[in-house]
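Quick notes on the structure that follows.
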Amino acid sequence: MLRFETAGESHGECLVATLTGLPAGIPISIEYLDRQLWRRQQGYGRGGRMKIEADRVHIISGIRHSQTIGSPVAILIENKDWKNWTASLPVESKDAEPGKDKPIHRPRPGHADLAGAIKYNLAEARYILERASARESAARVAVGALARVFLKQFGIEVLSHVIAVGPVRLERAVTWEEIVAVTEREEILLGCADRDTEQRMKEAVDHAYRTGDTVGGIFEVVARGVPPGLGSHIAWDTRLDGRLAQAIVSIQAVKGVEIGYAEQGALSYGSTVQDTIHYDKPRQEFYRGSNRAGGLEGGISNGQDIFVRGLLKPISTLRRPLESVDLPTREPALAAYERSDVAVVPAAGVIGEAMVALVLAQAFLDKFGGDSLHETRRNFDGYVTQVRNF
Ligand code: EPS
């Protein structure tokens, strides 16, 4: 069973991630992992923290001679900002310096601050913020990159692009090649395949900058090459659509998920929504008239592209803060502000890719198993033959 965990506070020493259950023998390039971390840091509208950090993986275990060896992969990602926080967040009280505490007494609406402080019985929200921060997502992207490399061995690619930022939405369909090109860009503005729309998205971010506001948006993750048969209809927690939905909604600031054209479908008649089934006799292959289901039917992958969207609320830390309450006095007060991002949709897309890759790799290994890549491939090849002969 493939599983991962992350640990780390936003301004602590480092982030930590472990991934357990990858087969041995998967070729790994550190450069590829670092490239995914770099992509997560990009985008127009990111805040001052991204100028401090230059995220890199530091592999502790599980990879030797550029290959997985079957044991848990442990990764550290340094927080360069830690040197500015050592006296504020010491592990032992004896290392604290008077006056260096940075309590959060005025919880930000929309952030975990207040709910977390109440739940953990903390007088202020500093430790809640430290873990709720999207900084944690760097650790997910690192292990997600390993899952992506694993999936690539079987011809499965997972990519993302941005389809809305604030009120500006992409109004045309984009091709797979366009999404590939977005992923390969060296300058990531807002991660939208259509340059004109991207320019209007930038204007929306500029407006938010000017007015002390923030914007959210929508990213889309597309997985190509997924074989039919991952996930299962037999139980609620084996349904791949449900597992993907949880993975996407677990991303910081994501409030909604859409699989295929779910919203459009909900507002239409059934005759116009389902993907008709056809058979190409010479090629001996089933094919579909469309892909509105986003590659999933009955919680099972059907061999078409899987596409999943994450709907991101605007970042809750506002330069022009909203009404809140001062925790010590219970008097009305404006919410805390340190520094923040104004827009993070392309970064959220990269995190979405990581989460989708992790869930697909899990489902893939649930089905095909294998302690070595060789064994997984043998099992997979057998299934491919079975599907061909169906
Ligand atoms: C983030 C690091 C954080 C924020 C952001 C994501 O850095 P800092 O809190 O030091 O400015 O930029 O976190 C949030 C959006 C949030 O709400 O906490 C990162 O590495 O992605």
Side-chain angles (χ1 to χ4, degrees), residues 6-17 34 36-57 75-86 88-89 100 102-104 106-117 124-145 160 165 188 191 205 208-209 212-217 219 250-255 310 312-319 321-322 324 335-355:
T6 72
E9 283 97 40
S10 181
H11 304 101
E13 191 172 350
C14 58
L15 300 167
V16 182
D34 286 343
Q36 308 316 315
L37 292 182
W38 176 85
R39 289 178 61 223
R40 193 202 71 91
Q41 288 200 267
Q42 306 308 301
Y44 189 70
R46 304 266 4 224
R49 179 71 183 275
M50 290 304 103
K51 295 191 178 75
I52 299 173
E53 304 297 341
D55 294 341
R56 302 256 185 283
V57 297
I75 300 176
L76 300 186
I77 301 167
E78 180 196 2
N79 284 326
K80 291 194 188 299
D81 208 13
W82 163 241
K83 66 176 185 307
N84 305 316
W85 286 78
T86 44
S88 309
L89 293 170
K100 287 277 182 151
K102 293 189 180 177
I104 299 288
R106 290 167 288 128
R108 293 159 295 171
H111 218 286
D113 298 348
L114 182 58
E124 50 87 17
R126 167 55 60 191
Y127 301 139
I128 302 303
L129 172 166
E130 286 296 326
R131 184 60 186 160
S133 164
R135 178 87 195 126
E136 182 265 350
S137 62
R140 301 198 207 187
V141 170
V143 284
S160 72
V165 171
I188 294 162
V205 178
Y209 266 121
D213 219 324
T214 57
V215 284
F219 63 83
S250 77
I251 297 169
Q252 294 84 347
V254 171
K255 294 295 273 186
L312 211 67
K313 70 175 176 178
I315 298 283
S316 43
T317 310
L318 297 171
R319 187 159 52 77
L322 297 176
S324 181
Y337 177 77
E338 269 165 23
R339 69 178 168 211
S340 187
D341 307 283
V342 166
V344 292
V345 199
V350 176
I351 305 159
E353 286 170 27
M355 293 305 293

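Both ligands and their constituent atoms are indexed starting at 1 by order of listing. Just so you know, these numbers use all the heavy atoms, side chains as well, and skip hydrogens, waters and symmetry mates.
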### Query
What about D81: any of its N or O atoms under 3.5 Å from an N or O on ligand 1?
no
### Summary
Contact region, Q41 to ligand 1, non-hydrogen atoms below 4.0 Å, reads neither
### Query
Hey, is ligand 1 close enough to R46 that some N/O pair sits below 3.5 Å?
yes
### Query
If you round to the nearest 0.5 Å, how far is CG of L114 from OG of S324?
7.0 Å
### Steps toward side chain to side chain donor-acceptor pair (under 3.5 Å) verdict (R39, Q42)
CA-CA 5 Å; R39 289 178 61 223; Q42 306 308 301; over 6 Å; no
#### Entry: Sub-4.5 Å side-chain heavy-atom contact between L15 and R140
no
### Query
Can you tell me the protein heavy atom closest to atom 17 (O) of ligand 1 and the distance?
H111 NE2, 2.8 Å
### Task
Using non-hydrogen atoms of the residue, decide whether E338 is closer than 4.0 angstrom to ligand 1.
no
### Query
Which of the listed options, S340, G110, A112, S133, holds the heavy atom that is closest to atom 3 (C) of ligand 1?
S133
### Query
When you measure from atom 14 (C) of ligand 1 to every protein heavy atom, which one gives the shortest distance, and what is it?
A134 N, 4.0 Å
### Query
How are the rings of H11 and W85 set to each other: parallel, tilted or perpendicular (split at 30° and 60°)?
parallel
### Query
Taking the minimum heavy-atom distance to atom 19 (C) of ligand 1, which of R108, R49, E130, R40 ranks first?
R40
### Query
Can you find a pair of side-chain heavy atoms, one from R135 and one from I77, that are under 4.5 Å apart?
yes
### Summary
Near I315 (heavy-atom distance under 4.0 Å), the atoms of ligand 1 are 15 (C)
### Task
Under 4.0 Å from a heavy atom of D341: give me the atoms of ligand 1 that qualify, with their elements.
4 (C), 5 (C), 6 (C), 12 (O), 15 (C)
### Task
Measure M50 to ligand 1 on non-hydrogen atoms and call it side chain, backbone, both or neither using the 4.0 Å cut-off.
side chain
### Message
Is it true that, when you exclude Y127 itself, more than 12 heavy atoms of the residues, nucleotides or ligands shown sit nearer than 6.0 Å to its OH?
### Response
no
### Task
Any chance you could lay out the salt bridge (charged side-chain N to carboxylate O under 4.0 Å, His left out) test for E338 and K102, step after step, and finish with the verdict?
CA-CA 10 Å; E338 269 165 23; K102 293 189 180 177; over 6 Å; no
### Message
If you define the side chain from C-beta out and look only at heavy atoms, does anything of Y337 sit under 4.5 Å from L318?
### Response
no
### Task
For the residue pair T214 and T317, establish whether any side-chain heavy-atom pair is separated by less than 4.5 Å.
no
### Contact (N/O only, under 3.5 Å) between S137 and ligand 1
no
### Query
Do R319 and V342 come within less than 4.5 Å of each other through their side chains, counting heavy atoms only?
no
#### Entry: Atoms in ligand 1 flagged as close to H11, the criterion being non-hydrogen separation under 4.0 Å
8 (P), 9 (O), 10 (O)
### Query
If you measure from each non-hydrogen atom of V344 to ligand 1, which part falls under 4.0 Å: side chain, backbone, both or neither?
neither
### Numbered atoms and elements of ligand 1 in range of R339, under 4.0 angstrom, heavy atoms
8 (P), 10 (O), 11 (O)
